[in-house]
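Have a look at the structure below before the remarks.
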Amino acid sequence: MELWEKAVRELGSMPVLLWLALTDKRHLEIKRISLFAAAGVLLAAGSVGDVAFSSRLGGGAFGILLLFFCRFSEEAMGLADGFLILVCGLAFGLYETAALCFFAALYAGIFSAVLLITHRAGRKSRIPFLPFLLLGYVTMALILHTA
């Protein structure tokens with residue numbers, strides 16, 4: 001991927017994910033209109049580059065599996081989070097979305113462990129996931145795009 005393609009992709013994706021992360025942190029929910037607007041921007045930004053169509057389909061399938069998990073796990077993870085991962089899968093492909101989810105889950109797990117150890121939250125406490133998705137995206141972009 002060329003430098004200008006990386007720049008367009010990151011400059012299009014990062015502000016949208018930051019906006020959603022701040023909204024999720026503040027309200028613990030994302031409005032549908034905001035989610036659909038963000039999905040359009042992410043899909044447009046993700047279309048820049050040379051991600052194979054089969055990888056995009058695999059990323060979409062990964063996102064659909066996560067949506068099923070969100071729905072049938074009594075929303076242990078919110079539907080907006082699952083939908084956003086579906087969009088990222090279609091935009092960035094399977095491998096980048098898997099890396100994004102791995103890092104986001106790692107950061108969320110560390111944060112949750114700290115909250116549990118310090119007795120600031122219980123096992124059933126809710127935390128916003130989109131800030132960790134943003135951190136995962138930044139980590140994924142730094143690792144995969146600098147190589």
Side-chain angles (χ1 to χ4, degrees), residues 1 5-116 120-145 147:
M1 190 180 304
E5 291 173 336
K6 290 179 188 179
V8 165
R9 186 169 159 176
E10 305 311 328
L11 290 174
S13 302
M14 294 266 190
V16 170
L17 289 173
L18 177 64
W19 170 56
L20 289 175
L22 292 173
T23 303
D24 193 25
K25 184 179 181 310
R26 190 172 307 123
H27 304 292
L28 281 178
E29 74 173 328
I30 303 293
K31 303 242 184 259
R32 285 186 185 162
I33 188 73
S34 301
L35 196 59
F36 291 141
V41 172
L42 286 172
L43 287 172
S47 67
V48 175
D50 55 352
V51 178
F53 183 71
S54 60
S55 181
R56 291 181 196 271
L57 285 179
F62 180 74
I64 289 172
L65 283 174
L66 241 88
L67 272 175
F68 279 123
F69 169 75
C70 294
R71 182 69 178 138
F72 295 114
S73 68
E74 298 173 5
E75 293 193 33
M77 188 165 108
L79 286 174
D81 302 324
F83 178 76
L84 194 62
I85 292 170
L86 167 67
V87 170
C88 287
L90 292 172
F92 307 130
L94 176 62
Y95 300 113
E96 290 188 23
T97 304
L100 165 74
C101 289
F102 170 77
F103 289 119
L106 178 70
Y107 294 141
I110 292 169
F111 181 76
S112 297
V114 169
L115 288 178
L116 286 170
R120 292 189 177 177
R123 274 182 15 123
K124 297 291 183 176
S125 298
R126 291 180 47 178
I127 61 169
F129 186 68
L130 288 181
F132 301 108
L133 205 59
L134 172 65
L135 284 173
Y137 182 81
V138 169
T139 305
M140 183 262 321
L142 288 174
I143 289 174
L144 295 179
H145 294 257

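Side chains are part of it too, since the values below use all heavy atoms of this structure and drop only hydrogens, waters and symmetry mates.
Relative ring orientation between Tyr137 and Phe92 is described as tilted, the plane-to-plane angle lying within the 30° to 60° band.
Test Asp81, Leu79, Leu35 against Ile30 for side chain to side chain contact (heavy atoms under 4.5 Å, CB included) and you get one pass: Leu35.
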> Passes side chain to side chain contact (heavy atoms under 4.5 Å, CB included), Leu134 versus Leu18? Steps please.
Replying inline: CA-CA 6 Å; Leu134 172 65; Leu18 177 64; 3.7 Å; yes

>> Walk me through whether Cys88 and Leu100 qualify under side chain to side chain contact (heavy atoms under 4.5 Å, CB included).
In response: CA-CA 9 Å; Cys88 287; Leu100 165 74; 4.0 Å; yes

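The ring of Tyr95 has its center no closer than 6.0 angstrom to the ring center of Phe62.
Separating the CZ atom in Phe83 from the CD1 atom in Ile64 is a distance of 11.0 Å, to the nearest 0.5 Å. Rounding to the nearest 0.5 Å gives a distance of 13.0 Å between NZ of Lys31 and CG of Leu20. Atoms CZ and CE, from Arg71 and Met77 in turn, are 14.5 Å apart once rounded to the nearest 0.5 Å.
Checked by atom type and distance alone, the side chain of Ser13 never pairs as donor or acceptor with a backbone atom of Leu42 at under 3.5 Å. Remark: the backbone N or O of Ala91 is paired with a side-chain donor or acceptor of Arg56 at under 3.5 angstrom.
When the ring pair (Phe, Tyr, Trp, His ring centres under 6.0 Å) test is applied to Phe129, no partner is found at least two apart in sequence or on another chain.
The minimum heavy-atom distance between Val41 and Val16, with the atom names listed, is CG1-CG2, 3.3 Å. What you find for Asp24 and Pro131 is that their closest heavy atoms are OD2-CD, 4.0 Å. The two residues Met140 and Ala99 come nearest to each other via the heavy atoms CG-CB, 3.8 Å. The nearest pair of heavy atoms linking Cys70 to Gly78 is SG-O, 3.4 Å. Across Cys101 and Ile85, no two heavy atoms sit closer than the pair SG-CG2, 3.6 Å. The minimum heavy-atom distance between Thr97 and Gly89, with the atom names listed, is OG1-CA, 3.1 Å.
At least one side-chain heavy atom of Val87 sits under 4.5 Å from a side-chain heavy atom of Leu43. Side-chain contact between Leu17 and Leu84 is present, with at least one heavy-atom pair separated by less than 4.5 Å.
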